A.B. asks: 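If you scroll down you'll find the structure; I have some questions about it.
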Amino acid sequence: MSALKAPQPGMSGRVDWTFVFAVVGLVVTGTIAMLSAASTTMYYQAILQKHFIALAMGAGLFTVTLAFNYQVFQDQSKALYVIALGLMFAVLVVGSSIRGHRAWIRLPGFSFQPAELARVLVVLVLADFLDRRALRVQDVSTILMSLAIAAPIMLLILKQPDFSTALTFIPMIVGMLFCAGADVLQLLFIFGFGAATLTFPLVYTLCQVRFPNAAPGSLPAFVIAVSKMGWATLALVTGIAAVSFLIWRLLTWMRLQVKPFAFIAFPLIAASALLCGIVINGRMKSYQRNRFVAFVAPSSDVQGAAYNVIQSKVAIGSGGVWGKGLFSGTQSQLGFLPERHTDFIFANVGEEMGFMGAGLILGLYMIVLWRIVTAARQARDRYGYLVCAGLASMFAFVMALNIGMCVGLMPVAGIPLPLISYGGSSLVINLWSLGIVANIYARRYALL
Amino acid sequence: MNGASSGRRERLEILWIVLAAGGAALGLRLAQLQILDSAEYRQMAERNASQMIYQAAPRGRIYDREGVPLATNQPSFSLIFLPGKGQARQDLEPLARELGRQLGRDPQDLLETLEEAEREQSAARLAENLPTPTMFQLSELKTLYPGVDLITEARRYYPFGRFASHLLGFMGKMSPGEWRTRKTQGYRADSRIGKMGLESAFEDELRGRDGGIQMEVDAQGRLKRKLGEIPWQPGSNIHLTIDAAVQKAADDALRKTLTGRGAAVAIDPRTGEILAMSSQPDFDPNALLSTDPEEVKRTSHALPEFNNAIAGAYPPGSTFKPIVSLAALNEGRISPNDVYYCPGFFKLGSAIFHCDKHEAHGAVTFLKGLAESCNVYFYNVGLRTGGDRIERYARMFGLGQKTNVPLRGEKSGHLFGPETRRKSGKGWYDGDTLNLSIGQGELTVTPIQMAVVAAALANRGTVWRPHYTQKIAYVDGRPDFVQKPERVAQVYAKDSAWDLVQKAMEVVVSSGTGYPARVPGLIVAGKTGTAQNPHGKDDAWFICFAARPGEPASIAIAVLAENAGYGAVAAAPVAKKMILAAFGMPDPDVEREKREAERAARKLLKPAAAALPARPPLPGGAR
């Protein structure tokens with residue numbers, strides 16, 4: 001712990017100052033945006049107080065994390081996994097609900113959301129696992145075991161229920177597996193399965209919203225029939241198998257070199273993804289359905305979920321190049337923009353600081369990601385490399401999901417924008433995880 | 001390790017490319033929203049956050065020839081509703097109930113208006129012209145229900161109430177058809193437009209450009225602050241040739257006739273200016289803008305839209321005789337001293353034509369014939385003159401043709417004569433000539449036509465196109481429009497013929513049937529008429545003109561009192577009151593009424609004063 005008091009000589013030279021400044025830039029921009037966006041809420045004072053406390057804690061944690069060797073995390077991997085599991089169990093048992101999500105653990109003085117902490121812990125645990133499996137990384141079992149490690153945490157998060165946060169695990173795991181050197185075809189199959197699973201509810205919602213009165217026999221009517229797990233479903237599954245078999249025969253007839261494995265795996269994956277999609281589709285909560293609706297047909301439901309997307313786009317678009325000025329955004333200050341200091345804070349920035357502000361945030365994010373990737377490249381060990389890859393994937397996906405939602409490119413997901421959105425535990429955890437990245441970079445020469 | 005390291009690098013580069021591509025896509029999207037489409041989104045944001053509350057501009061005022069305002073504007077309060085985002089039906093229902101109670105309207109109707117406003121996300125006008133007490137009650141609602149507000153507007157006001165109502169017209173809401181054509185002309189769905197008379201004919205001139213307050217509203221539809229104000233622009237003022245005093249005299253006097261139905265038109269024979277145009281029954285245009293919806297409904301249901309002065313066609317009866325006289329005298333068919341004997345009836349073949357009242361006039365010359373309106377004399381004159389000539393003169397005076405007074409709904413009446421008959425392929429008989437000579441048969445005229453005839457008789461033949469506009473003072477910087485007299489035709493006749501006709505008409509008033517219209521100190525010349533009406537009692541007519549001695553006639557009048565009986569009894573007094581008003585003379589009847597009213601008021605006041613309790617004695621032991 002002496003490192004905390006007096007950093008070893010040469011430490012400052014090893015720290016990635018570009019990275020640190022980009023992070024500080026993001027936090028400062030986020031704080032300014034939050035000062036403006038939260039000004040109309042009733043709890044402005046309390047929000048500011050919490051934010052600055054979290055900021056201090058986060059900055060402290062960032063520095064502390066920078067001070068000791070990150071390899072501690074690899075050594076304590078099992079403990080970290082137990083902590084993650086324990087936290088997620090605890091939140092389900094003793095957590096308190098806010099708006100239907102049992103996602104908060106309330107402690108005297110403050111409350112925090114453990115899901116994001118668990119997510120970072122999963123990165124650390126998986127990095128350790130993939131480091132150990134370096135020689136058998138091309139095996140399917142590696143992918144499946146990685147998923148198995150993450151699955152309990154994800155399921156517990158789904159139980160809250162928080163679909164969006166659970167979803168953010170997937171690209172993170174894919175990014176790590178890919179960087180670890182997993183077989184691309186296997187990855188494609190497994191995560192193609194995931195994507196296909198999500199495709200069905202999307203297509204179903206699209207048909208339901210766009211063609212509510214589809215004639216029997218038409219494609220939309222067929223899709224809706226498939227969702228009922230009846231003959232239509234069976235027919236579709238059989239169809240998929242038949243088509244892939246025919247393609248395989250066709251390719252062999254054309255004397256092309258193909259692995260028969262692919263043509264067994266493909267229909268299996270497609271069919272099971274379809275069935276999973278149907279199950280998910282049937283169990284979707286109404287607010288989740290509304291988000292799909294808002295995504296496939298934004299103009300169909302102007303008051304509901306789509307209202308948020310439209311207002312967000314209007315806010316960002318109306319900001320123009322220079323913005324309307326802080327505290328002067330009509331969309332945010334007059335209450336048209338929902339969740340303006342949390343999930344939709346980026347729209348607030350777009351409106352009040354214009355393309356300059358929004359572009360600044362995006363640019364700083366790209367710098368941060370670039371520095372994380374650089375840290376990965378230069379990490380002295382495979383563990384550090386994998387941690388950075390995982391964190392880069394995670395931050396990139398979460399950022400793209402949030403900004404994409406604000407600009408209308410992604411469906412509405414209740415995901416905060418890291419370092420910008422208001423949220424104490426999120427800020428602390430994100431700063432801590434970035435502290436790990438800074439640590440990995442600073443120790444790239446294996447001298448400390 | 002080296003191979004793994006290079007593999008590691010390769011994969012990392014791919015990851016970085018994916019991340020950079022994602023970032024670039026988001027950046028491009030941002031540029032699209034904030035740079036390319038920014039103007040569009042800015043407009044959407046402005047529409048979101050602002051609501052225009054329109055305020056009806058004052059219409060142009062309408063003045064009489066002396067500058068007395070006939071139609072002005074008053075400030076009025078309107079209740080508006082600004083919908084908030086996402087207000088549900090259950091939020092609107094209590095509001096509709098409350099408002100229905102306060103305004104005395106059906107809550108269901110109000111709810112529909114509220115929902116419409118909510119769907120369209122635009123302001124709706126729930127009630128207009130609120131009386132002050134209601135306004136105070138409603139201002140409390142503002143605090144309870146977001147989106148409800150009161151605004152000030154200009155509202156049309158007619159200071160005289162029931163006054164020249166058919167000429168001035170009234171204001172009303174647009175019909176769906178009118179709204180379709182006016183949508184693009186700056187009208188709004190709840191705008192009122194002129195519906196009749198001048199208000200309708202000069203809609204484009206009178207209408208002002210509505211102003212409004214642009215308010216910033218929040219997502220709940222609450223007004224946050226004023227963003228700006230677009231000042232309204234009042235409409236152009238119109239100065240009429242109407243003389244308010246004459247008009248009022250005509251309206252009041254006609255209303256007091258037997259049936260209270262009829263018309264009176266006064267024209268200045270020197271210019272064709274209309275001094276008064278009254279049609280009874282009339283209506284109170286203020287009642288159609290009333291704050292009480294029941295009153296509006298009642299008034300508009302019973303609205304006498306028919307303007308008798310221009311759209312009522314009646315047989316002129318004996319008022320046609322001056323034209324017959326002029327034709328006969330000018331064509332030399334009779335001499336003023338020819339004597340015809342009137343036994344009270346006239347025999348044509350086996351048919352018997354009666355003189356009015358069935359009494360014998362004895363030996364009748366021209367002066368006596370016109371003064372006492374002897375039908376037998378005119379039967380003889382008619383037969384001597386011939387239907388063709390009478391018809392020609394009638395046409396020269398403008399009968400059978402519209403006077404083209406700039407008002408909608410004018411009728412041309414029907415000219416009756418040999419030529420008209422020939423055109424419709426029918427023959428003309430002497431019996432028809434007899435009927436024509438006394439203004440009966442198929443001959444019909446409108447009161448305004450007879451006023452033009454009276455004016456032409458007064459000014460010796462000039463037939464004017466009657467007009468009521470003196471000047472339009474445009475607000476938009478155009479030079480004022482000043483109406484010039486328009487001569488339609490000239491009846492050419494020898495001075496001796498004019499002298500005789502005018503002289504005879506003077507005698508009508510000084511010692512003949514038109515005696516009730518006599519005004520000492522003025523020269524009044526006229527002709528009574530009592531036209532048979534198949535639907536009831538005779539219609540009473542009177543046409544006349546009046547002048548100060550030594551001056552040209554300055555007023556020509558035609559009065560028609562429907563089913564009121566004798567022209568002398570029912571119509572001539574109306575004309576007299578109009579003449580008195582035109583020359584600024586006191587009307588003895590009005591004076592008497594005023595005195596009586598004062599006396600009655602004094603009587604009412606006195607007992608009231610007596611009944612006032614004397615100051616009660618202070619309770620015992622007051623210190």
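By convention in this document, chain letters (A, B, ...) are assigned in the order of the sequence lines, proteins followed by strands, and residues within each chain are numbered from 1. Worth saying up front: this structure is predicted, and the values here are computed from it rather than measured.
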A.B. asks: Identify which part of A:Ala134 has an atom lying under 4.5 Å from any heavy atom of chain B, answering side chain, backbone, both or neither.
C.D. replies: neither
A.B. asks: If you count heavy-atom pairs under 4.5 Å with chain A, which of B:Leu30, B:Leu19, B:Ile14 comes out on top?
C.D. replies: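 Highest number of pairs under 4.5 Å: B:Leu30.
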A.B. asks: Among A:Ile372, A:Ile403, A:Leu337, single out the residue with the greatest number of heavy-atom pairs under 4.5 Å to chain B.
C.D. replies: A:Ile403
A.B. asks: Please report the shortest heavy-atom distance between A:Leu362 and B:Leu26, naming the atom on each side.
C.D. replies: CD2-C, 3.9 Å
A.B. asks: Working to the nearest 0.5 Å, report the span between CG of B:Asp37 and OG of A:Ser318.
C.D. replies: 12.0 Å
A.B. asks: Nearest 0.5 Å, please: how far is CZ in B:Arg29 from CE in A:Met410?
C.D. replies: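 Between atom CE of A:Met410 and atom CZ of B:Arg29 there are 11.5 Å.
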A.B. asks: At what distance, to the nearest 0.5 angstrom, does CG of B:Asn48 lie from CD of A:Gln331?
C.D. replies: 4.5 Å
A.B. asks: Side chain, backbone, both or neither: which part of A:Leu369 has an atom under 4.5 Å from a heavy atom of chain B?
C.D. replies: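 Both parts, backbone and side chain.
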A.B. asks: Kindly say whether A:Gly317 contributes a backbone atom to a donor-acceptor pair with the side chain of B:Ser38 at under 3.5 angstrom?
C.D. replies: yes
A.B. asks: My understanding is that only one of B:Gln43, B:Glu40, B:Arg47, B:Met44 makes a side chain to side chain contact (heavy atoms under 4.5 Å, CB included) with A:Val314; could you say which?
C.D. replies: B:Met44
A.B. asks: To the nearest 0.5 angstrom, please state how far the OH atom of B:Tyr41 sits from the CD atom of A:Glu351.
C.D. replies: 13.5 Å
A.B. asks: Holding to side chain to side chain donor-acceptor pair (under 3.5 Å), I want the full list of residues that pass it with B:Gln34, two or more places apart in sequence or in another chain.
C.D. replies: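 Side chain to side chain donor-acceptor pair (under 3.5 Å) check on B:Gln34 returns nothing, list empty.
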A.B. asks: Which heavy atom of A:Gly320 sits nearest a heavy atom of B:Arg42, and at what distance?
C.D. replies: CA-NH2, 3.6 Å
A.B. asks: Is it the side chain or the backbone of A:Phe395 that comes within 4.5 Å of chain B heavy atoms, both, or neither?
C.D. replies: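 Contact with chain B: none, neither part.
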A.B. asks: Looking at every heavy atom in both A:Ala389 and B:Leu15, which two are closest together, and how far apart are they?
C.D. replies: O-CD2, 4.2 Å
A.B. asks: Go through the atoms of B:Ala39 and report whether side chain, backbone, both or neither lie under 4.5 Å from a heavy atom of chain A.
C.D. replies: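 Neither; nothing under 4.5 Å.
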A.B. asks: Table please: side-chain donor-acceptor pairs of residues 175-184 of chain A below 3.5 Å, with sequence neighbours left out.
C.D. replies:
unit_1: A:Asp183; atom_1: OD2; unit_2: A:Gln186; atom_2: N; d: 3.2

A.B. asks: Name the option with the most non-hydrogen atom pairs under 4.5 Å to chain B; the candidates are A:Gly354, A:Cys388, A:Gly359, A:Ser393.
C.D. replies: A:Gly354
A.B. asks: Starting at CG of B:Leu28, measure out to CG of A:Leu409 and round the result to the nearest 0.5 Å.
C.D. replies: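 Interatomic distance, B:Leu28 CG to A:Leu409 CG, rounded to 0.5 Å: 10.0 Å.
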